[in-house]
Amino acid sequence: MIRLNSKEYITMDNNNTETNNESVDFIRAIIKEDVNNSKNNGKVVTRFPPEPNGYLHIGHAKAFCLNFSIADEFNGKCHLRFDDTNPVREDDEYIHSIMRDIKWMGFDWGDNLFYASDYYEKLYDFAVQLIKKGKAFICDLSVDEIKEYRGTLTEPGKESPYRNRSIEENLELFAGMRNGDYPEGSRTVRAKIDMASPNIHMRDPAIYRIKHVRHHRTGDEWCIYPMYDFAHCLSDSIEGITHSLCSLEFEIHRPLYDWILDELELESHPQQIEFNRLNLTYTVMSKRKLIQLVEEKKVSGWDDPRMPTLSGMRRRGYTPASIKEFINRAGLTKREQIIDVSLLEYCVREDLNKHTTRVMGVLDPIKVVITNYPDDKIDELDAINNPEDPEMGSRKLPFSKVLYIEREDFREEAPKKYFRMVPGREVRLRYAYIVKCTGCVKDENGNIIEVHCTYDPDSRGGTDPDGRRIKGTIHWVSAKHAVRAEVRLYDRLFNTRSPESGKGSFLDNLNPDSLEIRRECYVEPGLANVSSGELFQFERIGYFCADLDTTNGQPVFNRTVPLRDSWAKIEKKK
RNA sequence: UACCCCAUGGUGUAAUGGUAGCACAAGUGGUUUUGGUCCACUUAGUCGAGGUUCGAAUCCUUGUGGGGUAGCCA
C-alpha cells in the first residue's frame, strides 16, 4: 500500500486507482475512523507483545505484520514489547530469536523496544492504588480453594473470606509479599470485582502471585510477579498504545482490561481489538505442540525446514516477501480461519519464479552416453538465467559425451502423452541438442544403468533447424563437470488436513515421508560454491535453497516447494 | 449447561439496504526450448425459518451449527 495522504490509500498492483474504493479490513476501518475523528489526537501507536518463551511462527508473523504495517500506514509507531511476566517459562535465547525473525521479515521497531519487566515498579504502585481504593485485596486461599470458590461456567462463585480485609492489612501484606515473607502459593493479590459475573475473568481475578524464581532480566529483585491481565493493559497504557490488537481468545478478557484502566483512572486507555488467528491445513501451530515435535525429535529443531516457525521457513527457502503476501491474502476477520497451505505455496512460487536463477540439477541420476559425440570434446552452451527477467542474463554450461538425466525422464515403453526419452524417439536436452534415443544398457538384474542416444549437430542450443516440433525438453548435467550435492526433499509434516482434530494424538498424523534425503545428486558446476541461503529454481523440478549445512564445494539443498507438475496429474488420473 | 464471538463456492476473503465479486484449489483449452510461467474459459456460494422494506448476504426475532472462557499461563 502506498500512503497518499492521511485518509486515502490505494494499492499499486490494482489499476482501478482512480476509483479508490479498495476495501479495508475491519481493524483498519476502525482505526481510520478514529484518526478521522482525531481520537488520540489522530495518533496511532500499536505494539507486538510476544512472551519470550518460544520461537515465532507464521501465526505470530500475521500479528506483527499487522501491527507494524498499520503503524506504517497511519504514520504511527509500533512498539516491540516483551511480555515477560512469568519468569519460569522465559529466557534470553527467545528474545534474540524473536528480534532476529522480526528484522528478517523487514520490520524495525527503532527505539521502541520495551519489556513488561521494566514496569514492575510502576505496576506495583498501581496495585497499591487499587488496594487503597478498596478494589483489590490479599487472598490467602490456596489454588484449590480459589478454584472451588470461583464457581463454574453455569454457577456463580463465592466471595473469598479474605475479601473484606482492611486496606491497612492489605497494604501490609502486599509489602510483605514483595519482601519475600511468604512462600509461593500462600497468597495472591486479587482484584475485587464480582464473584457472580457470568464472565469468569471478572470473578476477582488474581493480579499478582508469589514466585521465588529468578527472572531473566530482573534477577532476584522481585519475588512477586504481575499476571497478564494486570500487566498487559497497564503496559499498553504506560506506552501510550492507541490500539491494542490481539487474537480472538482474549475477547473475553477485554472487560477486565477496561476495568483495570478505568479503576485506575488512567488517561491513556488503549482500545483492545481482537482478530482471528492464522491456521494452516496440514500444520500444527500451537506452541505446546511445536515444542513437543522438537523435544520428541520428530523434527531436527525449531528451525527444521518442515516447521511453521519463521526460522524453519527461512531455512526452507521461504522469502519474507512471500510470507507477507500470503498473510495479506489470508485476510483479517473475526472468523476462525484455516487456510489451505496451497495458498502459501502459490505465494512462494510467485515470488521465487520472478527472482530466482534457473539452474539444472539431477536428483535421481541415470547416465546417458551420446554415442556419436567425440570422446574428449567439450562444448560451452548458453543458458538463460531467468526467462521472467532478461536482466538476469545468461551463463555458460559445459556439455560432453556423458551426461546425467533424471531416471524418470527415460522409459523403455512410453505411456500415452509421455514425451521424454524413449528408444526411437527424439527429445531436446535443454539449451543443448536434440538427441535421438537408441536404447539402453542393463545390468545382470535387469536394471537400466545407461541410456544411449545420438545427437543432431545442427540443433546446437536446442534449436530445431528444419522445423520439426520436439515436444519434450529435459534437463541434464555433464557427468565430467557435475558437482555432487545432497538434496533434502520436504513434504508436509502431517498427512491430514487438521492434524490437531480427531481422536488420537496429533503425532499419529505425522507424514512418514515428510523428508527424503538424496545424497547422490548432480548439479551444474556453477553451484560448487553456493553459500547457504541462496535460492534457485532447478528447472522442471522446483525451488531450492542452499542449506546451513552447505560447506565449500559440498552443497546441500532444501526443496522449498516443487514446481506445479501437470504431468504428475495426468499420470495420477490413469 | 452460563456468558461472549462467529456463520458468503472445497478454502480464504469482498460487497456496510440497491447487479453476490476476487484469489487459491479443481477442471478444460491455447502459447511455450522448464509438462514451469503466461493467457482464456468452466465448475461452485449468502446455514434454516419468520419479520421490517419498493428492495435484505447486510437490519430485527428465532432456531441450528462452529469457536472461546472455569491458570497463582500468556
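Every chain is numbered from 1, with letters handed out A, B, ... down the list of sequences.
A/Arg564 contributes no side-chain N or O that forms a donor-acceptor pair with the base of B/G35 under 3.5 Å. Residue side chain A/Gln537 reaches the base of B/U34 through a donor-acceptor N/O pair under 3.5 Å, judged by distance alone.
In this structure, CD1 of A/Ile207 is placed 13 Å from P of B/A74, rounded to the nearest angstrom. Here the C1' atom of nucleotide B/C22 and the CG atom of A/Asn328 are 15 Å apart, to the nearest Å. Here B/G66 presents its C1' atom at 8 Å from CD of A/Glu336, a figure rounded to the nearest Å. As rounded to whole Å, 14 Å separates atom P of B/G35 from atom CZ of A/Arg411. Straight-line distance from the CD atom of A/Glu249 to the C1' atom of B/C73: 12 Å, rounded to whole Å. In this structure, A/Arg428 atom CZ and B/U34 atom P are separated by 7 Å, rounded to whole Å. Atom CZ in A/Phe250 sits roughly 12 Å away from atom C1' in B/U69 (whole-Å rounding). B/U34 atom C1' lies 15 Å from atom CD1 of A/Ile405, rounded to whole Å.
Here the separation of B/U8 from B/C3, taken at their P atoms, is 24 Å to the nearest Å. Nucleotides B/G45 and B/G9 have their P atoms positioned 9 Å apart, rounded to a whole Å. A distance of about 26 Å separates the C1' atoms of B/C4 and B/A56, rounded to the whole Å. For the C1' atom pair drawn from B/U69 and B/G63, the interatomic distance equals 24 Å after rounding to whole Å.
Nearest nucleotide to the side chain of A/Ile252, out of B/C72, B/U69, B/G12: B/U69. In the set B/A14, B/A2, B/G36, the nucleotide with an atom closest to the side chain of A/Pro198 is B/A2.
Dashed line: the shortest gap from a side-chain N or O of A/Arg329 to OP1 or OP2 of B/C22 is not under 4.0 Å. At the phosphate of B/G68, neither OP1 nor OP2 sits under 4.0 Å from any side-chain N or O atom of A/Lys334.
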